[in-house]
Amino acid sequence: MDKRARSRAIGQIAALRAAERVAAQQALGEALAAQQAAEADARRAEVRTNEAVGAWQAQLAEGFAPELARALAADLVARAAETVEARGASARAAEHSDARTSAWRESDARLRQAETLARASRRALRRAREERSLEAQADRITWRWRRA
């Protein structure tokens with residue numbers, strides 16, 4: 001493989017790395033949106049649990065009604081379970097978001113590395129082209145001097 005072909009291949013690799021970074025950015029955006037939604041769901045579940053606790057406490061202050069107490073207790077337990085599940089979903093979304101952030105950082109680093117290699121390759125080709133041009137000029141000058 002000649003220098004030009006290597007340079008083109010490095011350029012193509014850089015283009016692929018750029019596409020990978022764009023995909024990683026999109027995945028990161030989706031993960032962050034999912035994390036925000038999960039956190040909002042967890043906050044809403046906590047509010048509902050606090051409302052159920054308030055209803056339970058209000059029922060206790062009014063007097064003892066077994067059927068109402070049983071219904072409120074069941075509602076409180078259900079709301080607490082929802083809160084636990086929502087917190088777990090929020091934690092999983094945060095882990096997923098962290099993984100996507102890490103993947104984006106890795107893809108960004110790979111892109112920067114590929115761009116650096118591409119710049120170095122172009123610079124080497126340009127330097128080789130300039131050297132060939134200077135050699136050709138030197139040969140022409142030498143030829144003219146020999147003729148003179």
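Values below: all heavy atoms of this structure, side chains included; hydrogens, waters and symmetry mates excluded.
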Of all residues at least two apart in sequence or in a different chain, which pass the side-chain contact (heavy atoms from CB on, under 4.5 Å) check with [X]?
X      : value
Leu16  : none
Arg147 : Trp143
Arg17  : Ile13, Glu20, Arg110, Leu111, Ala114
Asp108 : Arg21, Trp104, Arg112

Which side chain to side chain donor-acceptor pair (under 3.5 Å) pairs, counting each pair once, include a residue from [range], with sequence neighbours left out?
range            : answer
residues 26-38   : Gln35-Glu39, Gln35-Ser97
residues 64-75   : Asp75-Arg79
residues 120-140 : Ser7-Ser121

Could you pull out all residues at least two apart from [X] that satisfy salt bridge (Lys or Arg N to Asp or Glu O under 4.0 Å)?
X     : value
Glu46 : Arg87
Arg44 : Asp41
Glu85 : Arg92

Residues at least two apart in sequence or cross-chain that pass side chain to side chain donor-acceptor pair (under 3.5 Å) with Ser102, listed by chain then number, are none

For Leu76 and Thr49, the nearest pair of non-hydrogen atoms, with its separation, is CD1-O, 4.0 Å

Item to complete: Linking directly or through intermediates, with side-chain heavy atoms under 4.5 Å: list the remaining ILVMFWY members grouped with Ile141, chain and number order.
Response: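 In the cluster with Ile141 are Trp145.
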
